[in-house]
Amino acid sequence: MLQKIPNYIKYIFSNFILLIVFNFIFRILFYSFFAELETATSTEIQKAFWLGLRFDIKLASIVLFPLALLVLIFNRRFFSNSFYKKFATFYLILAYIILTIFYLIDFGYYDYLSIRLDAASLRFLEDLKISTQVLFESYPVFKGLLGFLILGFVIYKLSRFLYVKFKNHQINRSKKVKTVYFIVTFLLLSFSIYNSFSHYPLRWSEAFFSKNSKVNQFALNPVLYFFDSFKFRSEGVNMAEFKKYYPVIAEHLGLPKDSVSFERKVVFEDSLKTKPNVVFVMLESVGVKPLSYYGNPINSSPKIDSLIPKSLNFSNFFVHKSGTAASVFASVTGLPDIDDVNTASRNPMIIDQRILFDQFEGYEKLYFLGGSANWANIRGIFQANIKGLKIFEEGSYETENRADVWGIDDYELFKESDKELQKLHQQNKPFVAYIQTASNHIPFTVPDQKESFTPLAETDISDDLLEKSGFKSVAQLNAMRYIDFNIGRFLERAKTAGYYENTVFVFFGDHNTMMNRNHQYTNEHDLNINLQHALFFVHAPKFVESKEITKNAKLIDLFPTVMSLIKMDYTNYTLGSNLLDSSSTRKPSSFVYLKMNGEPTVGLLQDSLYYSKTNISKTKGLYNLNAENLIDLKAEYPKKALEMDSLLNAYYHATKYLYFNNKKLEK
């Protein structure tokens, strides 16, 4: 039977099978080194493998289709012209290299965020220089380039081998037979793309069949998912929906209901006689899970552990989105970042906002970071909105020993920041500063020795303890230990310099670090909100009573809370609220924005309840985070689900509205 099949058809399907095998090899590699399916059932894994194979077949058919059409059109003549040989070889080499690049980037992206490659990854191209440096500092790029050369050579040889093999013994067929083979091959490849016997083709959403997000992520093909996710890009404000839900957000925030206004004036009759300094310290990748204070079995954070009991601590603090640029934007503007592909900071149409940072009258305003403020257009966020701000970045410091792609490390950053703050203290000038750390971020660059800090060796931590802690590596643990050490040293310098007592230190994480599933916060992990649960505490013994607040808090509440704490009059135009307002009757809530079931999702946390809704398919769920097992409760508590759904929609559409309607007034 095979003898009768024309060689050009055999050539097409030989390449088709090789492409499927190639895709599946990367699936096996992902399964072996990244998938982390230890908690998945064998049934789930088998189904994920089967779905994954179907996606891989679909991708192989899409890749091969242009070449297959060329072969089908020219059939025997395809093997009689050297141009087609060269074209086929070039096409296949290019196809295999592009696929490999996608897969390798997907490996790194998933290792960082536990999400398969999607269109949101394009935001890294906005800062190509930084992204390239991270790549070179975190991965063996030159070995990889050598690998690409070897891969190209292997594909070159294989392509020429197949061409020569099927070039010989060509048999002339009638037009009728050729037509039949054309139609059958075309239909087979088309069906491989459609890949379903139902009315609907194989879609990315079918991969999300399990409650275990890692199983679903494994089933996806990152190349297909990358292009599918383009449909998730953000849209402008929907005025009809905003007007529908404005009464809900108005009720929640105490806004006027008869007209649209987010302005709330806050005036204190008993304002402080002196102006305390305020220092916001954004702690890169510091959530609650890696901290020993919150039950991590490794002693990862002794300095933070000692500070929290002496501080005002918010144990249920959630950032809106798991990205540094997103959290910088939200903390400064008071608006959540709900952009799907890039970050809100990269949208020039929405960075001009009326913010609270700008209202520190009589204060010196400073922003410190170890690298460049051009990263993610962060310079625009600060300079466009904060009058008189001084930015300290690479090139601004007296001593600059660049540690990695992120510039000087946190030790040097805190040391240089202290010099500037000390100068202002000596001049009796109050200051408000925003310090953005970075060392607790891949490539996790820590020094071999820095004063009393020494990194742990691989042999210092047992594999069993590392697994129980959830840390992915000793390098990740060392980065956490290093930022903890630097927090302690920074406060020691502040005491020595003399400004410690008159300063309110605000420490918050921009998001949690990516960790393996362990005994801590398992429901948050399974619902994919573990990255949003971050650290937030205010340390100022002179001004703040030591206390733990367990009610829900969110990143946009940062500035209203701190300004109220120091009794500074302000006008709030944002969605943030004072977390210390005892007169408020609203239900404390945390608003999050993430990916669930492969698509953008909004979520709301109230006490132990978490309500989520996907933006495209409108899949909803209500869960108890304290329950032993995650069960969707929306049918059991429809009233509560509806109430949380309304507030969730109100936050979402109010954010979209304020993006474009919270501009600073021209003077």
Side-chain angles (χ1 to χ4, degrees), residues 248-257 261-272 275-282 311-320 327 329-336 353-361 363 385-386 430 432 434 503-509 534-540 542-592 604-607 647 650-651 654-655 658 662:
V248 178
I249 199 71
E251 176 73 24
H252 186 68
L253 296 181
L255 306 174
K257 296 179 182 179
S261 174
F262 287 85
E263 180 178 329
R264 290 100 76 202
K265 291 185 180 295
V266 179
V267 179
F268 294 91
E269 296 180 359
D270 57 341
S271 298
L272 297 178
K275 293 181 177 180
N277 308 310
V278 181
V279 177
F280 294 90
V281 183
M282 192 215 78
S311 308
L312 180 65
N313 180 41
F314 297 85
S315 56
N316 277 306
F317 173 73
F318 286 78
V319 300
H320 307 284
S327 287
F329 174 88
S331 62
V332 173
T333 65
L335 300 176
Q353 300 287 332
R354 290 185 288 185
I355 65 175
L356 297 184
F357 199 156
D358 191 42
Q359 296 182 34
F360 277 78
E361 297 293 336
Y363 277 72
N385 297 304
I386 305 168
V432 53
Y434 191 112
T503 301
V504 175
F505 295 92
V506 184
F507 294 96
F508 69 99
L535 178 69
F536 173 32
F537 68 93
V538 180
H539 182 71
K542 182 179 176 180
F543 302 98
V544 178
E545 178 186 354
S546 301
K547 184 180 180 182
E548 179 168 349
I549 295 179
T550 59
K551 69 180 182 181
N552 287 106
K554 53 191 178 297
L555 183 56
I556 56 175
D557 298 329
L558 200 67
F559 271 85
T561 300
V562 173
M563 294 178 81
S564 297
L565 190 151
I566 63 174
K567 298 183 178 181
M568 175 184 287
D569 297 347
Y570 62 93
T571 302
N572 191 355
Y573 302 96
T574 76
L575 293 176
S577 301
N578 173 20
L579 295 169
L580 303 177
D581 184 3
S582 58
S583 64
S584 174
T585 58
R586 66 177 176 273
K587 188 77 170 176
S589 306
S590 300
F591 172 69
V592 294
L604 192 76
L605 295 103
Q606 288 186 341
D607 295 329
L647 183 56
Y651 264 116
T655 299
L658 286 172
N662 189 32

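Bear in mind the structure is a predicted one, so any value in this text is a computation, not a measurement.
Remark: of the listed residues Ile566, Val538, Thr503, Ile566 is the sole one forming a side-chain contact (heavy atoms from CB on, under 4.5 Å) with Val278. Checking Leu312, Asn316, Asn313 one by one against Glu548, the side-chain contact (heavy atoms from CB on, under 4.5 Å) holds for a single residue, Asn313. Here the rule is side-chain contact (heavy atoms from CB on, under 4.5 Å) with Asn385, and of Ile355, Leu356, Val332 only Ile355 fits it.
Between the side chain of Ser590 and the backbone N or O of Leu605, no donor-acceptor pair lies under 3.5 Å. The backbone N or O of Lys554 sits nowhere less than 3.5 Å from a side-chain atom of His320 that would complete a donor-acceptor pair.
Ser331 is not listed as a side-chain neighbour of Phe357, based on a closest heavy-atom distance of 4.5 Å or more. No side-chain heavy atom of Asp557 sits under 4.5 Å from any side-chain heavy atom of Phe317. When side chains are defined from C-beta on, Leu579 counts as touching Phe536, because their heavy atoms get closer than 4.5 Å.
Between the CD1 atom of Ile249 and the CD atom of Glu251 there is a distance of 10.5 Å, given to the nearest 0.5 Å.
Aromatic ring orientation, Phe280 versus Phe360: perpendicular (interplanar angle above 60°, classes split at 30° and 60°). By the 30° and 60° cut-offs, the orientation of the rings of Phe508 relative to Tyr434 is perpendicular.
In the model, Gln353 has a side-chain atom that pairs as donor or acceptor with a side-chain atom of Asn662 under 3.5 Å. Side-chain polar atoms of Ser589 and Tyr651 form no donor-acceptor pair below 3.5 angstrom.
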Next item on the list: Might you work through the salt bridge (Lys or Arg N to Asp or Glu O under 4.0 Å) test for Lys265 and Asp569, ending with a clear yes or no?
Entry: CA-CA 8 Å; Lys265 291 185 180 295; Asp569 297 347; over 6 Å; no
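Annotation for Gln606: atom CD counts as buried by contact number, over 12 foreign heavy atoms lying within 6.0 Å.
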